[in-house]
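What follows is a single structure, written as structure tokens, with notes after it.
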Amino acid sequence: MFALIDCNNFYASCERAFNPSLVGKPIVVLSNNDGCVIARSNEAKSLGIPMGAPAFEYKYLFERHNIAVFSANFALYGDMSSRVMTILSGYSPNQEIYSIDECFLDLSGMLVDLQEHGLAMRKHVLKWTGIPVSVGIAPTKALAKAANRIAKKFTDRTGGSYVIDTEEKRIKALKWLLVEDVWGIGRRNARKLNAIGVKTAYDFCLLSKTWVLNNMTIVGVRLQDDLNGIPTLDMEPVELKQSIATTRTFENDYRTYDEVKERVCTFAVTCAEKLRQQHSLCNRIEVFIQSNRFREDDEQYSNSVVVKLPFPTSSSIEIVEFAVQGLKSIYRQGIGYKRAGVVLMNFVQDTEYQQSLFYKSNPKHAPLMEAMDKLNDKFGTKVRLAAQDKKTHKMRQEKLSPKYTTSLKGIINVNL
DNA sequence: TCTGGGGTCCTAGGACCC
DNA sequence: TCTGGGGTCCTAGGACCC
């Protein structure tokens, strides 16, 4: 049996956990630059605020309904996530952290009442962190996802935990679950399925394997098996990242090469830092730039390039060099750029990799990077490369809550 | 004025091999 | 007249997830 534990409205719940006056009130959390809505409390959802809603278009609604608006506080959410995950890891020897707010637990062979087990997790996490979670338990991952949906949707009846452990319950769940809500069926496939009259997960399960294979590839077939109760999707061990990206939308349109270049250099450095944290070296760097797609009056241009490195490296200096080389090859004058990004790919471990006979990473860089990382880690002040931003680019974050759990300045002060 | 960011996996088709 | 057959590896792009 698999359990899928999912935090309810995670970012909104994190804000609420440290600000109890928000209980029962609508909350939205905005993306970087306070751009769009990326999380909503149930109250905000029922006011009709869609996921991804541009904040400026909904400002009026926020004010009219007295909605609590927050800038994304990823320091807080990341820390709360690890607290929740740590607690849940005590409920099974095998945990797969699937995203910042969800994890799977392998419950096979555990001699417990599963419903009680689920309720216990929920109670434990709520009491220790203030974050409400829903628990779905079933013989396969896809069914656990479905069970989780039921637990969340019918909390009053389920207590926030639902187990699919009989054929009747499986069929009932599948008939209830709309095909577009099935984990692994996105917009595209949902449209294709609706077109042939498939409305529910149950309908999908009745389709012939051949049709599914031809129209949805092997991915669809696996999903179908999983929903039919044949465990096909297994626990996946947490491994090192296969790609690391830093991409940003700018505050306004950049029209000069230097502005774009400085940002790209900083993105490259951020990526390199993350790369060194997992002790990898990269062999490829992708750089992309995009004009402002919302400005219909302006010329549109976007392009990307993949730079193949002559040797694997994690040196910020070298990664910046190659990123700039890539940027030069795609940069076009006269465009107002609104977004850019750097993606590192094709990793090897820094202790074991095939060296090139002719080229190698500058050996002086490794100790230098180590020193930089230590300084930046310890003092928070950035030791930078000269190529990086001259000025600090401040994201718009007008509604940022304190870093309650990760900064002494953010700690809650209680006056008795 | 203003519109997010970071991932994984699969496949078709090209380039190459014998 | 007539143009084989069987592979591997790589990559760009698509689809999906949160």
Side-chain angles (χ1 to χ4, degrees), chain A residues 4-11 28-39 49-60 62 69-74 77-78 81 96-104 141-142 145 148 179-193 213-223 232-234 236-253 267 270-271 274-275 278 283-284 286 288 290-297 303-306 308 336 338-347 395-398:
Chain A
L4 187 265
I5 301 95
D6 183 319
C7 299
N8 302 347
N9 314 320
F10 182 54
Y11 297 168
V28 297
V29 178
L30 306 180
S31 63
N32 280 347
N33 274 325
D34 292 345
C36 348
V37 173
I38 54 169
I49 296 164
M51 187 66 173
F56 73 93
E57 281 179 12
Y58 283 80
K59 209 172 171 186
Y60 171 71
F62 295 162
V69 181
F70 289 94
S71 305
N73 185 345
F74 289 113
Y77 311 150
S81 170
E96 175 190 339
I97 297 175
Y98 181 69
S99 75
I100 193 165
D101 74 332
E102 302 176 33
C103 73
F104 287 101
K141 277 179 143 184
K145 270 275 187 183
N148 183 285
V179 75
E180 58 264 37
D181 294 335
V182 173
W183 180 51
I185 294 184
R187 271 223 310 271
R188 228 139 165 141
N189 280 320
R191 211 182 314 145
K192 215 184 283 181
L193 289 164
L213 182 64
N214 289 339
N215 291 277
M216 301 173 67
T217 77
I218 189 69
V219 182
V221 175
R222 282 182 203 147
L223 180 61
T232 307
L233 312 170
D234 208 348
E236 285 173 22
V238 257
E239 303 210 342
L240 299 176
K241 290 209 179 356
Q242 297 174 28
S243 67
I244 289 174
T246 305
T247 68
R248 286 290 176 281
T249 300
F250 307 140
E251 317 78 70
N252 42 43
D253 298 359
F267 299 162
T270 307
C271 284
K274 294 186 209 165
L275 186 66
Q278 66 166 38
N283 277 296
R284 251 166 233 224
E286 180 179 353
F288 70 81
Q290 289 170 4
S291 56
N292 189 343
R293 65 196 169 104
F294 295 103
R295 278 190 63 170
E296 285 165 11
D297 54 323
N303 205 348
S304 71
V305 62
V306 175
K308 294 178 190 174
K338 180 64 173 168
R339 203 166 100 86
V342 173
V343 188
L344 308 186
M345 295 169 300
N346 289 47
F347 300 160
M395 270 191 299
R396 197 168 62 194
Q397 287 186 309
E398 289 170 1

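Keep in mind the model is a prediction, meaning the values are calculated, not measured. Chain identifiers are assigned alphabetically (A, B, ...) following the order of the sequence lines, protein sequences preceding nucleic acid strands; residue numbering begins at 1 within each chain.
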>> Using a 4.0 Å cut-off to any heavy atom of chain A, which nucleotides of DNA chain B are the first and last in contact, reading 5' to 3'?
In response: B:dC2 to B:dT11

>> Can you work out whether A:Met395 or A:Lys59 has the more 5'-proximal nearest nucleotide on DNA chain B?
In response: A:Lys59

>> I want to confirm an ordering. Mapping A:Arg222 and A:Phe250 to their closest nucleotides on DNA chain B, which one lands closer to the 5' end?
In response: A:Phe250

> A:Phe267 vs A:Phe250 aromatic rings, parallel, tilted or perpendicular, using cut-offs 30° and 60°?
Replying inline: parallel

Looking for any heavy atom pair under 4.0 Å, which part of the strands does [X] touch: base, sugar-phosphate only, or nothing?
| X | result |
| --- | --- |
| A:Ile185 | sugar-phosphate |
| A:Val37 | nothing |
| A:Asn189 | sugar-phosphate |
| A:Lys241 | sugar-phosphate |
| A:Arg284 | sugar-phosphate |
| A:Ile244 | sugar-phosphate |
| A:Lys145 | sugar-phosphate |
| A:Asp101 | sugar-phosphate |

In chain order, what residues pass the ring pair (Phe, Tyr, Trp, His ring centres under 6.0 Å) check against [X], with sequence neighbours excluded?
| X | answer |
| --- | --- |
| A:Phe56 | none |
| A:Phe62 | none |
| A:Tyr98 | A:Phe104, A:Trp183 |

Suppose we screen for side-chain hydrogen bond (donor to acceptor under 3.5 Å, both in side chains). Which residues come up paired with [X], at least two apart in sequence or across chains?
| X | value |
| --- | --- |
| A:Asn283 | none |
| A:Thr270 | none |
| A:Asn32 | none |

> What would the secondary structure line of DNA chain B be in dot-bracket form, counting Watson-Crick and G-U wobble pairs under 3.5 Å, with [ ] for pairs that cross earlier ones and | for pairs with another strand?
Replying inline: ....||||||||||||||

> Can you check whether A:Asn292's main-chain N or O pairs, donor with acceptor, with A:Asp253's side chain at less than 3.5 Å?
Replying inline: no

>> Going by the rule side chain to side chain contact (heavy atoms under 4.5 Å, CB included), which residues pair with A:Ala190 if we only count those two or more places apart in sequence or in a different chain?
In response: A:Glu180, A:Ile185

